[in-house]
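It should be emphasised that the depicted structure is a prediction, and the values quoted were computed from it without experimental measurement. Residue numbering restarts at 1 for every chain, and letters A, B, ... go by the order of the sequence lines. Only heavy atoms go into these numbers, but all of them, side chains included; no hydrogens, no water, no symmetry mates.
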Number of protein chains: 4
Amino acid sequence: MPVPPQVTEFTAREEELLAVTLELLRESGYDRLTVDEVAARAHASKATVYRRWPSKADLVVAAFSHGVRQVARPPDTGSLRGDLLRLGELITEQARLHGSAIAGMLPEIQRSERLRAVFEQEFFHERRALIHQVLRNAVDRGEIRPDVISDEIWDVLPGYLVFRSMVPGRAPTSDTVRALVDEVLLPSLTRDSGT
Amino acid sequence: MPVPPQVTEFTAREEELLAVTLELLRESGYDRLTVDEVAARAHASKATVYRRWPSKADLVVAAFSHGVRQVARPPDTGSLRGDLLRLGELITEQARLHGSAIAGMLPEIQRSERLRAVFEQEFFHERRALIHQVLRNAVDRGEIRPDVISDEIWDVLPGYLVFRSMVPGRAPTSDTVRALVDEVLLPSLTRDSGT
Amino acid sequence: MPVPPQVTEFTAREEELLAVTLELLRESGYDRLTVDEVAARAHASKATVYRRWPSKADLVVAAFSHGVRQVARPPDTGSLRGDLLRLGELITEQARLHGSAIAGMLPEIQRSERLRAVFEQEFFHERRALIHQVLRNAVDRGEIRPDVISDEIWDVLPGYLVFRSMVPGRAPTSDTVRALVDEVLLPSLTRDSGT
Amino acid sequence: MPVPPQVTEFTAREEELLAVTLELLRESGYDRLTVDEVAARAHASKATVYRRWPSKADLVVAAFSHGVRQVARPPDTGSLRGDLLRLGELITEQARLHGSAIAGMLPEIQRSERLRAVFEQEFFHERRALIHQVLRNAVDRGEIRPDVISDEIWDVLPGYLVFRSMVPGRAPTSDTVRALVDEVLLPSLTRDSGT
DNA sequence: TCATAAGCGAGACGGTACGTCGTGTCTTACG
DNA sequence: CGTAAGACACGACGTACCGTCTCGCTTATGA
């Protein structure tokens, strides 16, 4: 069952550090970002950073999760297609901003149990809840049958868009989202038999 | 138009270095891999490595591209579903091995024009040709109509599987592939109207 | 006019690094000494070394200058001959210890304006003042006339001894010093006509 | 007893390599000179160089010894003072050209028994013979007594001049030579009592 | 006239040091 | 007492040079 979001609260200083981190993340990507630069730009000491987050990866994951929390509201356009398109656009926007940053973080997250927990807690569940909310709304409207919703591959929409934003020269566009929704997702969700 | 694959040839020494690199890549991931260790394990000098590949990123991209070239034969099981499942399994296998390594490389590839060219030359076109071959075969067999093949999102299958292999705790399995093929791809490819 | 000695002060960490450097200099000579080994032996990081001295040459020049500063007291034995012999012995001792190290440093010093300045500041002026003090004392005692003191070749004593300590198989001994003083320097300093 | 000079003979190719080496030695000094550059400039292969001389130090010592052999004729101006001045000028010229190169070679020579032998064979004895010849001539002319000739410090003239040419900012001039001869050497050689 | 060998130019190679930079820990001094 | 400033240990990166080596080409001889 989905763990409740339970959003972490931050002090003003922490918010500031996260904001600077996110800014640098967008400018430089994960690997080029340095903690020294974060500290310098925030007129902070490295010790202050490390007191709050035990590693660069923790800092960046926190900044990223915190920074993308604004997508948290599920769209409600009145139709499944509209909701999916809207969701796709939002994800595309985020992914284009942070695409390669995400890629850089992933290996670190893989290696650390704690980071994995933070990542799931702060990011994963939120996104999953969003998707399921959109699909439930469609079921309620009678657009799709509940049994077409698969738990195995619920994240095709965000997953593929994120993939595209990480691969060089293939950053997703509105056309990408439209094609994905119309040619893949809707045929899948409105197919005759759910497994 | 697709550039011809034109596979790069390597000397024996180079093959050896790439093999060692790939081995270390699997063990340690991109960021933990060190050129010193590659050189040491291959009883080579760092100069030998850097003479051939100008940076760690170049080395690893070369090793990766070269290492996954074995998937180059398109499957031909006689049915679209069989081909897609087989392809998905192959990709899954590769992706599970190198998932986080790919993630680590991507930011570097993004930043370097040269690396981007190498990546496309050695990896991207090959995979794309594979997918299209499978789809063309299905068209020839009359299983699908040619107009359902989209150039915008031809890489949903590999893209989503690679995404899954990079995200912590979501490494794809056979069930993932089956669900993806049966619940998403086939409904998409056999839908009524193209585009 | 001679620049005031103005001895550079060092922190404890720096003193430690210089001591280790001097030790290694004696063991290995300039060219065989490695910064890595200095750092390792001082349980220091290379960055710590390079933060203070911008190159191996700077480090070694600093260590050498600092290390030989102990000869700084001019001898006062009561006679010119005694003073010269004592001074020669001191120089011989130093030169035998660091002979080839000095040789190794010189080309680097030649090439760097900064190193040249450091060398003169820390080493050259000090030695020159020493010699002149000894000669002035002899003048005061009435042993020699002031006009025999040449500014062109004031450093024959240290220069020749250092030369001897650098040339293979000719390291200077007490006999060398005695011969130099009795057969060369004293006849020169007590000759009839100055200039 | 002095070993006979026994000058080494070289083939045309070897002469060429030595000439290029000497040229580079003057341009770059010992440490900056690279065997690669010697080979490149002589359109030779490194193997060709190393076939003849087993190390960079051997090559450079050979080039240096060979290059300065032209000073080999003892001057005969008719007076000791003239001979010493002439000799000093010749040495000064050589030393100014190769001063820092000599310094760079010395540590290597110190470390290698073979190089020491070569150095003595090719350079040391020759210079020593030169000095003694000049002094013997003065004895023959009745200018000095034979017992003022010391074997301990026969090389004050070349030694001090070489020293001066190695120390930064103190390259010897004609004035240096004149002062050395008139104020030091002649008073020493014409003093009343030999040791 | 052609074949086989010896020498050479070219340059890859293993090893090792240099000097730079980033992480994460720590100490010091200030407010 | 927290924090800014920044020194510090560790270790990787990419560069350069030394001395060894292998590969072809060329030239110099022997059948």
According to side chain to side chain contact (heavy atoms under 4.5 Å, CB included), who are the partners of [X], at least two apart in sequence or on a separate chain?
X: Arg111(B); value: Asp31(A), Arg32(A), Pro107(B), Glu108(B)
X: Val167(D); value: Phe163(D), Arg170(D)
X: Arg13(C); value: Thr11(C), Glu16(C), Ala44(C)

Which residue pairs pass the ring-ring contact (aromatic ring centres under 6.0 Å, His included) test when at least one of the two sits in residues 10-37 of chain C, sequence neighbours left out?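 Matches after skipping sequence neighbours: Phe10(C)-His66(C).
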Under the ring-ring contact (aromatic ring centres under 6.0 Å, His included) test, which residues partner Phe64(B), sequence neighbours left out?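 Residues passing ring-ring contact (aromatic ring centres under 6.0 Å, His included) with Phe64(B): His98(B), Phe123(B).
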By salt bridge (charged side-chain N to carboxylate O under 4.0 Å, His left out), which residues pair with Glu23(B), not counting sequence neighbours?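 Glu23(B) satisfies salt bridge (charged side-chain N to carboxylate O under 4.0 Å, His left out) with Arg41(B) only.
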Suppose the criterion is side-chain hydrogen bond (donor to acceptor under 3.5 Å, both in side chains): which pairs have a residue in residues 42-52 of chain B, not counting sequence neighbours?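 Sorted pair list: Glu14(B)-Arg52(B).
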Could you list where the contact with chain A starts and ends along DNA chain E, reading 5' to 3', using a 4.0 Å heavy-atom cut-off?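 Taking any atom under 4.0 Å from a heavy atom of chain A, the span is dG22(E) to dC26(E).
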Chain A footprint on DNA chain F, 5' to 3' - any atom under 4.0 Å from a heavy atom: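 Endpoints of the contacted stretch of DNA chain F: dT3(F) to dA7(F).
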Let's see if you get this right: which residues in [range] place a heavy atom under 4.0 Å from DNA chain E?
range: residues 31-39 of chain B; result: none
range: residues 40-52 of chain B; result: His43(B), Ala44(B), Ser45(B), Ala47(B), Thr48(B), Arg51(B)
range: residues 11-24 of chain B; result: Arg13(B)

